[in-house]
Amino acid sequence: MRFSRLLIPTSKEVPSDAVLPSHIYLLRAGYIQSVGAGLYNFLPLGKRVLDRVRAVVKEELDRAGCQEVDLAFVTPAELWRESGRFEKYGKELLRFKDRKENEFVLGPTHEEMMVNLVRQSVKSYKQLPLHLYQIKTKFRDEIRPRFGLMRGREFLMEDGYSFHKDEEDMKREFDHMEAIYSRIFTRLGLDFRVVEADSGAIGGSGSKEFMVLAESGEDTLVVCDGCDYGANIEAATRAPKEGPRYEEGEEPVMSPGEFHTPGTTTIEALAEFFRLDPHHLVKAVAKKALYDEGREEIVLFFIRGNDELEETKACNAAGANELTEVTEEELRAAGLTPGYMGFEGLPEGIHYYIDRELRGEANLIMGANKEEYHRVGVQVPDLSERFADLVAVQEGDRCARCGGTLRYTKGIEVGHIFQLGTRYSEPLGATFLDENGKARPFVMGTYGIGVSRLLAAIIEQHHDERGCIWTRESAPFAVEIIVSNVKKEEEREAGERLYRQLLEAGVEVLLDDRTERFGPKMSDFELMGIPYGVVVGKKLAEGTVELITRDGMVREDRSLEEIVPVLLERV
RNA sequence: CGGAGUGUAGCGCAGCCUGGUAGCGCACCUGCUUUGGGAGCAGGGGGUCGAAGGUUCGAAUCCUUUCACUCCGACCA
């Protein structure tokens, strides 16, 4: 295509609200245009990249035996009520009514729709397994959209759903999709890691996330330097934390009892007061848990003094939709004693959970539920239903698998696969007849790739101070021919000739035939990030052109005869 | 949802305090010159100043209401 005819509104100005390289460059290079909070238009260049990325996803999925479908974007609210997610999904669901006052939502994900489709058309185990997917716009009314394509409200997502006769076959497909997704991200040139994850609002048992490693990622990952363990902080586990080492006979031993501890409402103050490592102290974290139909209650979480509460884990333990902050006044109103709370002697009816690493521990200090008093020599009773994994893995903790050291790193979530089980098929009454003619709910898996987010992820990982650097399978064009001065007949003609040759060879090529000077053309080339550039200019007199590899801006002179074969070899 | 801030030409901004003909840079159009790193000169087009109401002889400017957007936090496949 000809640059002079393409709508590529590049800009020198850095958009004031953009901070991430991907956001800045995609806007400046004319890939996308902002239209509102979390809403973007894809301009010709952006659309080309989107189509290429989408094509890679489609090609791999089709080859893996998945079937593409396209479901309605507007979905009846009734389906969401059936699955129980109308409430649980919360404010992210954009709801509205049609002229007949029927309620609808814009699809943020399509489990309900897909189960509905399958329950109407699949009746026998002979039709299983079945994997259907679509690549479609989704809408989630995010609380705070930001970072351009990274977290938009409207975005393009590949969502796949597999249906199986049993757990075992579902797990087979889950592993299969892990391999397929890995192929997709590898083809797109991404450095990523597959990590264990929390299942969030989608539900289900096991889930894994595909994380593109980048400083600007919004997710914190825990990785092991000794093995290939990796997990989202929300789901990461560790070997039980070891306490401080003491000399023989130096370990703290306390006889049970209450102790007057004025002014020790924080762990630091308490550790100071007893001259003890916080490892021996029990921290109480209070949260307000929100449930369906607006029900809310105060829940307490007890963890070690040197640990931090991991909210997602805590939320799962409490079975709540959401946890929010609770004020000191609310705590007192519930009969609690902020700063001095412990799990013994709590008022009736207060729900609490204890971190599983505290099970069986003794010689602890914890609040006595009495102003200015702590209990010492506490032994944790075996209340099996109270224990849960509640704490955030910290840097330096030990790996549960190999004992190696755990570290944090940042990642961009570009894919997520779930072992769903019967989470949706059961409430929606989606069943098939097995070999014995018995009705059983489908066992499901669900899989998602953030296609538009991938554009941002690719740029986050592949850019320099001048602009984008697209990878081979994501680039809007493979080659850009830069005619240095189109008013020079010989340069223009040589450029045109090269352009025709590459087109005939089937190369996606962009010809910069604008009357601009050399400077702006080079800057635009660098900003847009097309992998290869060919400068037709000065050196034409010697029968050579300049081949530029965008990644690293490596320049080499090539004769007019060899330039086409050389390019064909590389793209 | 809490805190802060911004809405003036396509983009980035000044003007507002102290009311009196709506400006600057970039971009755009025309002409000439220039052409290997975001050119120069000359001329030109474009804005119901986010919206509604009020005060006033007169409102971008003061007052009230409202909408939108952004940032920080909480939150979030």
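Below, chains carry the letters A, B, ... as their sequence lines are ordered, and counting in each starts from 1.
- Nearer the 5' end of RNA chain B, as judged by each residue's closest nucleotide, is the contact made by A/Lys539, out of A/Lys539 and A/Val19.
- Using Watson-Crick or G-U wobble geometry with both donor-acceptor distances under 3.5 Å, B/G7 finds its partner in B/C67.
- Among B/A77, B/C26, B/G36, the nucleotide with an atom closest to any side-chain atom of A/His416 is B/A77.
- When both pairing distances are held under 3.5 Å, B/G43 makes a Watson-Crick or G-U pair with B/C29.
- For A/Arg140 against B/C76, a side-chain-to-base donor-acceptor contact under 3.5 Å is absent.
- Nucleotides B/A59 and B/G15 have their C1' atoms positioned 14 Å apart, rounded to a whole Å.
- Closest to the A/Glu311 side chain, of the nucleotides B/A77, B/G36, B/C75, is B/C75.
- With a 6.0 Å cutoff to the six-membered ring centre and a 45° limit on the axis angle, A/Arg95 counts as a cation-pi contact of A/Phe86.
- The side chain of A/Pro520 lies closest to B/G38 when the candidates are B/C76, B/G38, B/C26.
- Judged by Watson-Crick or G-U wobble contacts below 3.5 Å, the nucleotide B/U56 has no partner.
- When distances run from any side-chain atom of A/Asp524 to the nucleotides B/U35, B/A77, B/G38, the shortest one goes to B/G38.
- If you check B/G38, B/C76, B/U34 against the side chain of A/Arg151, the one that comes closest is B/C76.
- B/C57 and B/C41: their C1' atoms are spaced 46 Å apart (whole Å).
- Regarding A/Phe147, its CZ atom lies at a distance of 13 Å from the C1' atom of B/U70, rounded to whole Å.
- Of all nucleotides listed (B/G38, B/C76, B/G37), B/G37 comes nearest to the side chain of A/Arg555.
- Note: A/Ile233 CD1 to A/Thr312 OG1 = 9.5 Å, rounded to the nearest 0.5 Å.
- In this structure, CG of A/Leu323 is placed 20 Å from P of B/G73, rounded to the nearest angstrom.
- Rounded to an integer number of Å, the gap from A/Glu13 CD to B/C11 C1' is 6 Å.
- Within 3.5 Å, no donor on the side chain of A/Arg146 pairs with an acceptor on the base of B/G73, nor the reverse.
- Of the candidates B/C69, B/G37, B/C76, B/G37 carries the atom nearest the A/Glu526 side chain, counting heavy atoms from C-beta on.
- Annotation: side chain of A/Tyr40 is not in contact with side chain of A/Ser452 (no heavy-atom distance under 4.5 Å).
- Between the side chain of A/Arg517 and the base of B/U34, at least one donor-acceptor pair of N or O atoms lies under 3.5 Å.
- In this structure, of B/G36, B/C26, B/A77, it is B/C26 that holds the atom nearest to the side chain of A/Lys12.
- Ring orientation note: the planes of A/Tyr353 and A/Phe301 are close to parallel, at an angle under 30° on the 30°/60° scale.
- The base of B/G36 has none of its N or O atoms less than 3.5 Å from a complementary donor or acceptor on the side chain of A/Asn485.
- The aromatic rings of A/Phe192 and A/Phe185 sit perpendicular, their planes meeting at an angle over 60°, well past the 30° parallel limit.
- Ring orientation note: the planes of A/Phe442 and A/Phe163 are nearly perpendicular, at an angle over 60° on the 30°/60° scale.
- Shown here, B/C17 forms no base pair; nothing in the strands shown gives a Watson-Crick or G-U wobble contact with both key distances under 3.5 Å.
- A straight line from CG of A/Asp512 to C1' of B/G37 spans 13 Å, rounded to a whole angstrom.
- Pairing partner, B/G2: B/C72, with both Watson-Crick or wobble hydrogen-bond distances short of 3.5 Å.
- Under the 30°/60° scheme for interplanar angles, the aromatic rings of A/Tyr181 and A/Tyr447 are found to stand perpendicular.
- In this model, no side-chain donor or acceptor of A/Glu491 finds a partner on the base of B/G36 within 3.5 Å.
- The side chain of A/Ala37 has B/U70 as its nearest neighbour among B/G36, B/A77, B/U70.
- Nucleotides B/C24 and B/G37 are separated by 31 Å at their P atoms, to the nearest Å.
- Taking a pair to require two hydrogen-bonding distances under 3.5 Å in either a Watson-Crick or a G-U wobble arrangement, B/A22 remains unpaired.
- Nearest to the side chain of A/Glu546, among B/A77, B/G36, B/G38, sits B/G36.
- What separates NZ of A/Lys538 from P of B/G37 is a distance of 7 Å, to the nearest Å.
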